[in-house]
Amino acid sequence: MKIYNTLTKSKDEFVTNEANKVKMYACGPTVYNYFHIGNARPFVFFDVVRRYLEYKGYEVTYVQNLTDIDDKIINKAIEENTTFKAIAKKYIAAFEEDIEKLGIKKPTHQPKASEVMGDIIKLIKKLVDEGFAYESQGDVYFSVESFKGYGKLSGKNIDDQKAGARVEANTNKKHPADFTLWKTAKPGEPTWGSPWGQGRPGWHTECVVLSQKYLDTESFDIHGGGVDLVFPHHENENAQAEVLSGKKLANYWMHNGFINIEGEKMSKSLNNFFTARDVLKEYNAEAIRFFFLSKHYRSPIDFNRQIMQESDTAVKNFYNALKSVDYLSFKDEDINYSDADLAKKEEFVKAMDDDFNSAKALAVMFDLVKIVKSTKEDINERKESAKLLVELGSVLGFFTDIEAVLSNDLGDLSEKLLAILIEVRNNAKAEKNWPVSDLIRDKLLAQGIQLLDTKDGTKWEKK
RNA sequence: GGCGACAUCGCCAAGUGGUAAGGCAGAGGUCUGCAAAAUCUCCAUCCCCAGUUCGAAUCUGGGUGUCGCCUCCA
């Protein structure tokens, strides 16, 4: 399979460090607020990467950090007149809730920056000791000039940059591009003791420490995150790691594109900020997942009401197809795929192998939907395709709660009452008493029960 | 100013030299008391110009447009 690598700017054949094992890391949230729909894209996407690699037979170790020490958290704590720990705790809980609702599998490890403070300090000290970083007025900076490879990930040439819109006011640095590893304590901030006095770490070190520690290697397979993290965050991560180990922090750097809101960049000033939590109130998790996967992960994607409704309808089509063959009745049976199905499966794998072309993979699923729904096809063919539809959909993270969605279980009593209502309506229908029969149907529909008059009698389903 | 991405039907989107997948929406037919479902049919020459080629949405050059990064924002 091929993966687009930001480091080489090309689709590269994916070769793991260790056979059949993938070690991957993706930057997690800074827990100072509910995460927004834009944050959700990498969370969902790397969940799919993980699921697909597992489907391919790899043993995947997936680490995602939680940044629980940061200016934004401290500011929020001041704003809400509480401690930064309380803020972190609150939003970690919220994060976990939302992630679960989105159907995202828990990473293998999900460590917090604060848990590894000793390791962070140790790493910074090593950088200082070996001459890659220096102390200045209690702050510690990484010297970008000490690493000749600096800029290779983002394609930036540090000496070539325009002085910039923002002039570097910090005269403590040797080079304007030098970045902070440790900042000296300011009043009221949480601090930790270090060789350079009380202070706290910069943002770029935690990911190096957490990834290497929890993946148990200096150089792992995949590092992911949003495009905006390429510079400076990932560039800086790699610099710290490579300068010490002589190896790239990761072999493949994957970056997802941004989400726009109705054509505009999402921002607080435009007031077009949607938290994942709010979006989940209106659309189900699978519609959101479909929305993300309907376009290639590196492309920018526009979030709007119309596209969400379309995504929602599209996902319902998957379920309609499965209902049409009564999927739950045979879900545990062993079913052999036909040659046609195997060809579809191959198509799906080929699409995903090509740098996770999920849009194409979804098209394969719709081909299966067509077969499953088609009353002209042999019922066994339809069942086989349904089975494959679920198999492939699961790889993309759909159908995680398929029984609940497909099940029409209302409890014994409700079902009996419903049967009675249907009988009454059928009597009314027989007498061509349309007002009564329609009244029953409409009232049930308002309660979320859809009646369907079919050749085989009246059936119903939950809407 | 530096670096980079993208431009395919009303909307979303695949396509990487061989004559435009798929989804949503829409139109019409069958079925039907109506509705829903099902089913059949229809619906683009790919931003512009020039070039390479037997042949280009796909390659090259130029233009136009949109967007991102260069500010600890995914």
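Since we're looking at a predicted model, the values are computed, not measured. Here is how names work: the chains are called A, B, and so on, in the same order as the sequence lines, proteins then strands, and each is numbered from 1.
If you check B:C54 for Watson-Crick or wobble pairing at under 3.5 angstrom, you find it paired to B:G18. Pairing partner, B:G61: B:C49, with both Watson-Crick or wobble hydrogen-bond distances short of 3.5 Å. Here B:A38 sits opposite B:U30 as a Watson-Crick or G-U wobble pair (both hydrogen-bonding atom distances under 3.5 Å). B:U71 is unpaired under the Watson-Crick or G-U wobble criterion, no partner having all donor-acceptor distances under 3.5 Å. Using Watson-Crick or G-U wobble geometry with both donor-acceptor distances under 3.5 Å, B:A5 finds its partner in B:U66.
Comparing the P positions of B:A20 and B:C42 gives an interatomic distance of 15 Å, to the nearest angstrom. For the C1' atoms, the distance from B:A25 to B:G33 is 29 Å, rounded to whole Å. The same atom, C1', is picked in B:C12 and in B:A35; the two are 29 Å apart, to the nearest Å. Between B:C6 and B:A14, the two C1' atoms lie 16 Å apart (nearest whole Å). One C1' atom belongs to B:G23, the other to B:G15, and the distance between them is 16 Å to the nearest Å. Comparing B:U71 with B:A13, their C1' atoms are spaced 34 Å from each other, to the whole Å. Using C1' as the reference atom, B:G68 and B:U58 are 25 Å apart when rounded to the nearest Å. Comparing the C1' positions of B:C47 and B:C43 gives an interatomic distance of 22 Å, to the nearest angstrom.
When distances are taken from the side chain of A:L229 to each of B:A74, B:G2, B:G23, the shortest belongs to B:A74. Side-chain proximity of A:D228 to the nucleotides B:A13, B:G10, B:C69 is greatest for B:C69. Checked against B:G33, B:G10, B:G2, the side chain of A:S437 finds its nearest nucleotide in B:G33. If you check B:C24, B:C72, B:A35 against the side chain of A:T313, the one that comes closest is B:C24. Distances were taken from every side-chain heavy atom of A:Q306 (C-beta onward) to each of B:G2, B:G33, B:G10; the shortest belongs to B:G10. The nucleotide whose nearest atom lies closest to any side-chain atom of A:K183 is, among B:A14, B:C72, B:A21, B:C72. Of the candidate nucleotides B:G15, B:G23, B:C72, B:G23 has the atom lying nearest to any side-chain atom of A:F366.
In this structure, CG of A:L451 is placed 16 Å from P of B:G33, rounded to the nearest angstrom. Put simply, CG on A:N320 is 10 Å from P on B:C24, counting in whole angstrom units. In this structure, CD1 of A:I259 is placed 22 Å from P of B:U66, rounded to the nearest angstrom. When rounded to the nearest whole Å, the span between CD of A:Q450 and P of B:A36 equals 9 Å. Atom CD1 in A:I288 sits about 19 Å away from atom P in B:C12, given to the nearest Å. In this structure, A:L368 places its CG atom 19 Å from P of B:A21, rounding to the nearest Å. Following rounding to the nearest Å, A:D438 (CG) and B:U32 (C1') show an atom-to-atom distance of 13 Å. Between A:F273 atom CZ and B:A74 atom C1' there is a gap of 10 Å when expressed in whole angstrom units.
With respect to A:D139 and A:K173, no salt bridge is recorded, no charged nitrogen being found less than 4.0 Å from a carboxylate O. By the 4.0 Å N-to-carboxylate-O rule, A:R289 lies close enough to A:D47 to be salt-bridged with it. The residues A:K345 and A:E391 are annotated as salt-bridged, a charged nitrogen and a carboxylate oxygen being separated by less than 4.0 angstrom. Ion pairing between a basic and an acidic side chain is recognised when a charged N comes within 4.0 Å of a carboxylate O; A:R200 and A:D71 show such pairing. With respect to the salt-bridge test (charged N to carboxylate O, under 4.0 angstrom), the residues A:D354 and A:K350 do not qualify.
Partner of A:S311 under the side chain to side chain contact (heavy atoms under 4.5 Å, CB included) criterion, out of A:F290, A:Y283, A:F292: A:F290 alone.
In terms of heavy atoms, A:R298 sits closest to A:H255 at CG-O, 3.4 Å.
Counting non-hydrogen atoms under 4.0 angstrom, A:S311 reaches nothing in the nucleic acid. At a threshold of 4.0 angstrom between heavy atoms, the contacts of A:K373 are confined to the sugar-phosphate backbone, with no base atom among them. Residue A:K360 is in sugar-phosphate contact alone, with no base atom involved, counting any heavy-atom pair closer than 4.0 Å across all strands shown. Contacts of A:G202 with the nucleic acid, taken as non-hydrogen atoms under 4.0 Å apart, are absent. Contact annotation for A:D453: base contact, defined as any heavy-atom pair under 4.0 Å involving a base atom. Residue-level contact check: A:H255 touches neither bases nor backbone, having no heavy atom under 4.0 Å from any strand. Looking at heavy-atom distances under 4.0 Å, A:R200 makes no contact with the nucleic acid at all. When heavy atoms are screened at a 4.0 angstrom cut-off, A:G225 is found touching the sugar-phosphate backbone but no base atom.
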Original post:
Checking ring-ring contact (aromatic ring centres under 6.0 Å, His included) for the pair A:F95/A:Y34: CA distance, chi angles, key distance, verdict?
Top reply: CA-CA 7 Å; A:F95 169 79; A:Y34 300 117; over 10 Å; no

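Other residues, nucleotides and ligands contribute more than 12 heavy atoms inside 6.0 Å of the NZ atom of A:K101. Crowding of A:K370 atom NZ: a count of heavy atoms from other residues, nucleotides or ligands under 6.0 Å not exceeding 12.
Between A:N357 and the phosphate of B:G15, there is a side-chain N or O to OP1/OP2 separation shorter than 4.0 Å.
Nearest-nucleotide positions on RNA chain B for A:K370 and A:K72 put A:K370 closer to the 5' end. Both A:R298 and A:K295 lie near RNA chain B, and the one whose nearest nucleotide falls closer to the 5' end is A:R298.
On a pure distance criterion of 3.5 Å, no polar donor-acceptor pair joins the side chain of A:R41 and the base of B:A74.
Between A:K72 and A:N33, the side chains place no donor N or O within less than 3.5 Å of an acceptor N or O (distance only, hydrogens not considered).
For the pair A:F43 and B:A74, the ring geometry does not qualify as stacking, because the centroid separation below 5.5 Å and plane angle under 30° are not jointly satisfied. The ring of A:F258 lies on top of the base of B:A74, close enough and flat enough: under 5.5 Å between centres, under 30° between planes.
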Output a table of nitrogen or oxygen pairs between the protein and nucleotides 44-46 of chain B separated by less than 3.5 Å.
none

